[in-house]
Protein chains: 2
Amino acid sequence: MSTSPETPYHHGDLRRALLEEALLILDRDGEAGLQLRDLARAVNVSPAAPYRHFDSRAALLEALAVTGFQRFTKAMEAVALESTGPGLRLAMGRAYVHFALEHPGLFRLMFSSQLRRDNRPGLRMAADAAFQTLRHVTGSDTRSERIAALAAWTQVHGLAVLLLDGQIAARAGEDSDALITAILDRL
Amino acid sequence: MSTSPETPYHHGDLRRALLEEALLILDRDGEAGLQLRDLARAVNVSPAAPYRHFDSRAALLEALAVTGFQRFTKAMEAVALESTGPGLRLAMGRAYVHFALEHPGLFRLMFSSQLRRDNRPGLRMAADAAFQTLRHVTGSDTRSERIAALAAWTQVHGLAVLLLDGQIAARAGEDSDALITAILDRL
DNA sequence: ACCTGAACACCGTTCAAGT
DNA sequence: ACCTGAACACCGTTCAAGT
């Protein structure tokens with residue numbers, strides 16, 4: 001699948017290749033399954049090669065989480081443009097949940113408290129930008145607006161997480177998207 | 001802190017000691033920080049000793065998650081006994097969130113999809129028993145009852161997770177428990 | 001400038017051997 | 001019956017050396 005002819009010998013766009021392959025592994029095997037040596041092997045470089053592009057495994061994970069928040073922001077903004085008025089909040093909730101289901105490993109990584117502990121500024125900024133998009137919709141000036149916004153967020157996020165963990169699932173013959181909509185409609 | 005006089009030489013209640021120490025490490029360093037060799041060191045046994053009591057690290061994690069669900073069930077049942085009628089749902093929501101905040105590593109482990117993948121029957125049973133306690137309160141006979149129950153669950157769980165991840169926090173001078181109550185009261 | 005090869009400390013796990 | 005000591009394969013990371 002490489003763009004260069006035959007095998008990409010000694011060089012190439014390794015940084016991008018690493019990130020792309022890492023995203024695949026992340027959503028397939030989860031964060032614990034993403035091993036630097038495996039990743040290097042998958043891209044046909046030596047175990048030490050990734051260190052020319054990332055300081056450490058944690059730095060790689062941060063880069064992944066940042067791109068995750070960027071994609072998430074784009075997805076939310078797209079909904080904000082095509083949907084309007086009353087249906088907007090529900091549409092964004094559904095998009096939020098769908099993003100999580102489509103990128104399970106990435107979504108979990110974005111909210112991983114492990115990453116938050118190292119307190120990397122790039123991640124904080126990407127996350128803030130994403131949440132800013134959400135606040136646009138709900139407003140957060142008065143206290144009651146803020147509480148309502150947080151209540152909506154906890155609902156949507158909880159649904160995403162419980163679906164991801166397999167704790168909530170549609171029953172046999174039940175439409176999974178209809179279930180999501182029904183739950184989000186309760187607030 | 002051992003109950004036997006001086007150093008507990010060759011034996012003792014190792015299984016219990018491992019579980020107790022593991023719970024401490026889990027809530028302090030998270031799942032990734034719980035290493036078998038560290039754990040053995042902390043309890044003063046050789047790296048191989050834990051394998052007389054647990055088949056693998058995954059088996060140890062499962063045992064921890066099972067005791068987590070048991071404690072969780074007990075906490076929920078205690079609330080169901082002391083609270084009654086209208087305030088019960090809110091009281092259980094608060095207890096749910098407080099449990100998560102008091103046992104962050106354990107709570108995350110209980111809902112870890114990593115563990116769910118190996119599909120260990122003991123864990124499934126402990127989890128089902130816990131959720132059974134919750135259903136008692138909400139009911140889940142009709143479809144609308146089921147949706148309402150799921151909506152409440154997603155709200156409470158989402159709040160717990162976002163607080164745990166530091167994404168939601170009380171502002172300076174704001175009472176954190178009041179914030180929790182205000183959000184849970186919206187549904 | 002970017003990558004390889006070999007090495008280091010460390011981890012989960014196994015197994016023969018000790019008490 | 002329960003634990004130790006030594007070993008194995010593997011991982012993240014470093015560093016001198018190659019192109």
Side-chain angles (χ1 to χ4, degrees), chain A residues 2-22 24-26 28-65 105 109 112 114-115 117-118 120, chain B residues 2-22 24-26 28-65 105 109 112 114-115 117-118 120:
Chain A
S2 96
T3 54
S4 55
E6 309 300 324
T7 52
Y9 15 64
H10 284 299
H11 57 297
D13 198 350
L14 183 54
R15 188 190 151 89
R16 178 186 303 275
L18 288 170
L19 286 173
E20 273 177 20
E21 187 68 31
L24 292 180
I25 297 175
L26 193 58
R28 196 190 50 209
D29 304 330
E31 189 247 276
L34 177 54
Q35 301 181 343
L36 240 43
R37 291 180 97 110
D38 268 356
L39 179 59
R41 226 169 277 140
V43 184
N44 280 313
V45 291
S46 80
Y51 287 89
R52 294 301 113 194
H53 300 277
F54 302 99
D55 284 346
S56 62
R57 196 183 100 103
L60 196 239
L61 290 179
E62 189 214 355
L64 289 169
L109 181 66
S112 150
Q114 276 219 78
L115 268 190
R117 282 202 226 202
D118 338 326
R120 299 171 180 268
Chain B
S2 95
T3 53
S4 54
E6 308 300 327
T7 52
Y9 13 67
H10 284 297
H11 57 295
D13 198 350
L14 182 54
R15 188 190 152 90
R16 176 185 304 272
L18 288 170
L19 286 174
E20 274 177 21
E21 186 68 31
L24 292 180
I25 298 175
L26 193 58
R28 196 190 51 207
D29 304 330
E31 190 248 276
L34 177 55
Q35 301 180 345
L36 240 44
R37 291 180 98 110
D38 267 357
L39 179 59
R41 226 169 279 141
V43 185
N44 281 314
V45 291
S46 80
Y51 286 89
R52 292 303 114 194
H53 300 278
F54 302 99
D55 283 346
S56 63
R57 196 183 100 104
L60 197 239
L61 290 178
E62 189 213 354
L64 290 169
L109 181 67
S112 151
Q114 277 219 78
L115 269 189
R117 283 203 226 203
D118 337 325
R120 297 171 180 269

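Chain letters run A, B, ... following the sequence lines, proteins first, then strands; residues in each count from 1.
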Self-check item: Where B/P47 and B/R37 come nearest, the two heavy atoms and their spacing
Solution: CG-NH2, 4.0 Å

Self-check item: Shortest non-hydrogen separation from A/A22 to A/L60 and the atoms involved
Solution: CB-CD1, 4.5 Å

Exercise. Please determine if a side-chain N or O atom of A/R41 lies less than 4.0 Å away from the OP1 or OP2 oxygen of D/dC10.
Key: no

Quiz item: Looking at residues at least two apart in the chain, or sitting in another chain, which of them share a side chain to side chain donor-acceptor pair (under 3.5 Å) with A/R41?
Solution: A/D38

Quiz item: A/R57 near the nucleic acid: base, sugar-phosphate alone, or nothing, with a heavy-atom cut-off under 4.0 Å?
Solution: sugar-phosphate

Practice problem: Remember a base hit wins even if backbone is also touched, and classify B/R15 as base, sugar-phosphate or nothing at under 4.0 Å, heavy atoms. | Solution: nothing

Who passes side chain to side chain contact (heavy atoms under 4.5 Å, CB included) against [X], sequence neighbours left out?
X: B/Q114; value: A/A32, B/E31, B/S112
X: B/A49; value: B/L14, B/V45, B/S46
X: B/D118; value: B/A58, B/L115, B/R120

Spacing between [X] atom [atom1] and [N] atom [atom2], to the nearest angstrom:
X: A/D55; N: D/dG12; atom1: CG; atom2: P; result: 16 Å
X: A/R37; N: C/dC8; atom1: CZ; atom2: P; result: 14 Å
X: B/E31; N: C/dG12; atom1: CD; atom2: P; result: 11 Å
X: A/L14; N: D/dT19; atom1: CG; atom2: C1'; result: 16 Å
X: A/I25; N: D/dC11; atom1: CD1; atom2: C1'; result: 14 Å
X: A/D38; N: D/dG12; atom1: CG; atom2: P; result: 8 Å
X: A/R16; N: C/dC2; atom1: CZ; atom2: P; result: 15 Å
X: B/L61; N: C/dT13; atom1: CG; atom2: C1'; result: 15 Å

Practice problem: Give me the residues of residues 47-54 of chain A where at least one heavy atom lies under 4.0 Å from an atom of DNA chain D, by number, or none. | Solution: A/P47, A/A48, A/Y51

Practice problem: Keeping the roles fixed (side chain from B/R28, backbone from B/G33), state whether a donor-acceptor pair exists under 3.5 Å. | Solution: no

Practice problem: Stems involving DNA chain C: give each as a range paired with a range, ordered by first number, where a stem means at least three consecutive Watson-Crick or G-U wobble pairs under 3.5 Å. | Solution: C:4-8 with D:12-16, C:12-16 with D:4-8

Quiz item: Can you tell me how far the CZ atom of B/R57 sits from the CD atom of B/Q35, to the nearest 0.5 Å?
Solution: 8.0 Å

Practice problem: Counting heavy atoms from C-beta on, name the nucleotide in D/dT4, C/dC11, D/dG12 closest to the side chain of A/L36. | Solution: D/dG12

Quiz item: With a 4.5 Å heavy-atom cut-off, do B/L19 and B/L64 have their side chains touching?
Solution: yes

